[in-house]
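Below you'll find the structure, written out as structure tokens, and then a few comments.
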Protein chains: 2
Amino acid sequence: MEIAHRLDGETSEKGARERFDRIYRTLRTRICMLDHPPLERLREEDLAAEFNVSRTPIRRVLVKLEAEGLLRSVHGVGTIVTDIEIDSLEQVYQLRVELAELIGKLSPIMPGEARMADFRALLARCDDLVRQPDPREFARTNMDFFHLLNGLTANEPLREISERLYYQTSRIWLKTASRFSRFTEMIEDEIRIFQREVADIVAAIEIGDLEVVGHIRRSHIAMSFARLRKHASGVAPANE
Amino acid sequence: MEIAHRLDGETSEKGARERFDRIYRTLRTRICMLDHPPLERLREEDLAAEFNVSRTPIRRVLVKLEAEGLLRSVHGVGTIVTDIEIDSLEQVYQLRVELAELIGKLSPIMPGEARMADFRALLARCDDLVRQPDPREFARTNMDFFHLLNGLTANEPLREISERLYYQTSRIWLKTASRFSRFTEMIEDEIRIFQREVADIVAAIEIGDLEVVGHIRRSHIAMSFARLRKHASGVAPANE
DNA sequence: TATTGGCTTGTTGTGCACAACATCATTCCC
DNA sequence: GGGAATGATGTTGTGCACAACAAGCCAATA
């Protein structure tokens with residue numbers, strides 16, 4: 001009975017928060033990967049059925065995602081994925097640029113051998129990506145790279161804020177690229193640029209200068225946004 | 001009937017979000033002012049009765065406050081106000097120091113005449129405070145001053161993040177001061193220092209250099225934390 | 001007397017039913 | 001025939017009852 005009590009505790013109490021996090025991360029990744037594109041309506045009942053819970057815990061997740069700016073619930077209408085425009089994201093990018101530099105300044109953590117292996121593995125994934133371009137895999141690799149970089153600081157508030165801003169902006173890339181006329185070439189170019197960035201940063205980490213990592217990352221984010229802006233202005237709105 | 005419908009709309013639909021914000025801000029201010037001191041248990045039913053709603057909307061507010069780090073809900077125990085220690089807040093302060101400087105850099109807004117009047121009025125409140133010190137009024141003035149400063153940037157994500165970090169740290173001052181042996185003198189000293197800071201910043205704003213405002217604010221936040229740390233180390237833990 | 005087991009009490013988490021609300025189609029009236 | 005009111009339908013917000021859980025109390029027993 002003691003054991004049964006323990007089991008109950010593990011599956012419901014600790015499992016409750018784990019389940020909450022699991023649903024939250026799942027939905028966040030989906031929104032980020034445009035599996036739930038902007039303006040799509042998420043029905044609470046569908047989500048509840050999918051995750052085998054009631055609407056109540058789903059609503060907790062939706063409230064959090066709404067606070068992060070990824071969703072917006074309107075009474076009587078539905079819960080819709082927020083739309084993103086490149087102009088309204090300029091401020092977020094400006095902030096991300098500054099925060100990127102802080103990661104190398106505030107409580108930097110020199111990665112151990114295990115972390116270094118992760119970085120090298122990600123660099124290998126980039127090399128594969130260059131040989132075999134794929135937008136979804138690119139987006140996922142970009143996301144994983146961000147989380148690795150975010151682990152370079154011990155400043156937890158900074159990590160949390162950077163993560164939040166990343167998920168607010170990362171969607172714009174896939175959205176802009178998808179309506180770009182020369183889609184394939186743009187993807188290939190961006191992947192090559194990204195591969196170089198990862199190589200540069202991994203090299204800087206191997207040297208042990210995390211401040212340089214911050215500088216590289218800062219300039220790359222700024223240039224990435226500049227390219228995005230150029231592409232967005234060069235293509236007519238698709239008003240699909 | 002048309003009018004009645006409008007009234008219903010105002011009191012329920014738009015009023016719903018307004019009510020949510022009102023409850024949220026009320027609780028946040030109370031926690032910040034130590035009306036709900038750390039480790040106090042907030043009962044959802046009590047709050048529901050006080051604000052004349054059910055537990056459900058209250059829980060939405062509590063979920064948000066938990067996401068901000070001010071509360072922590074534990075199943076079967078209660079919703080308790082998070083405790084704060086000066087050591088664990090060092091990272092938050094490091095980040096606040098950097099963000100303070102960004103307010104003068106990213107999309108600064110030169111205040112109009114109305115805003116200038118607000119700043120001067122707050123300076124007048126500081127002068128009154130020097131003549132008649134009061135810890136609660138000091139905390140409230142500090143809060144209002146922060147919001148005024150936060151309005152100097154048009155970068156909304158920066159505003160939101162700064163606000164969040166402010167409410168995570170502002171409590172530590174009242175908490176530390178309250179268990180300091182020479183409480184009154186410390187309050188008077190801090191109020192005088194604060195009054196000088198406000199005077200300096202208002203002067204910088206009158207000149208029109210918002211970047212200087214950021215620098216002043218940055219150094220003042222850093223020095224404020226240093227003083228706090230010194231006081232905290234100089235007083236034996238009250239383990240009340 | 002110390003310890004352990006169950007029990008009681010109080011809290012948050014969950015599920016469900018209904019209200020409030022928005023949207024769209026339909027129908028009635030001009 | 002056109003436009004506006006009205007009902008149908010689907011959605012989120014709310015209230016309430018109950019389940020899950022933790023902690024403290026108390027008594028029974030070694």
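So you know, we letter chains A, B, ... as the sequences are listed, proteins then strands, and number each from 1.
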Integer-rounded Å distance: D/dT11 P and A/Arg72 CZ: 19 Å
Ion pair check, A/Lys175 and A/Asp83, cut-off under 4.0 Å: yes
Pair B/Glu163 + B/Arg28, salt bridge at N-O below 4.0 Å: yes
B/Glu40 CD - C/dT11 P separation (whole Å): 13 Å
Length of the line joining B/Leu42:CG and C/dT12:C1', which is rounded to integer Å: 13 Å
Distance, rounded to the nearest Å, where A/Phe20 contributes CZ and C/dT12 contributes C1': 14 Å
Whole-Å distance separating the CZ atom of B/Arg17 from the C1' atom of C/dA20: 15 Å
B/Leu62 CG to C/dT12 C1', straight-line distance once rounded to whole Å: 10 Å
Selected nucleotide, minimal atom distance to A/His75 side chain, candidates C/dT11, C/dT12, C/dA20: C/dA20
Sequence-distant partners of B/Tyr166, ring pair (Phe, Tyr, Trp, His ring centres under 6.0 Å), two or more places apart: B/Phe146
NZ/NE/NH1/NH2 to OD/OE distance under 4.0 Å, B/Arg217 and B/Glu101: no
Test side chain to side chain contact (heavy atoms under 4.5 Å, CB included) applied to B/Arg115 and B/Asp118, step by step: CA-CA 5 Å; B/Arg115 274 290 159 81; B/Asp118 292 339; 4.0 Å; yes
B/Ile58 CD1 to C/dT11 C1', straight-line distance once rounded to whole Å: 16 Å
Sugar-phosphate only, base, or nothing, as touched by B/Thr56 at under 4.0 Å among non-hydrogen atoms: base
Residue-phosphate contact under 4.0 Å: B/Ser73 side-chain N/O, C/dT12 OP1/OP2: no
Quiz item: cation-pi between A/Arg96 and A/Tyr93, 6.0 Å / 45°: yes
Touch class at under 4.0 angstrom, heavy-atom based, for A/Ile80 against every strand present: nothing
OP1 or OP2 of C/dG15 under 4.0 Å from side-chain N/O of A/Arg60: no
Residues touching DNA chain D, which here means a heavy atom under 4.0 Å, drawn from residues 43-53 of chain A: A/Arg43, A/Glu44
B/Lys105/A/Glu98 ion pair, N-O < 4.0 Å: no
Closest to side chain of B/Arg19, choosing from C/dA20, D/dT14, C/dT12: D/dT14
5′-ward residue of the pair A/Arg55/B/Val77 relative to DNA chain C: B/Val77
N or O in side chain of A/Ser54 less than 4.0 angstrom from C/dT14 OP1/OP2: no
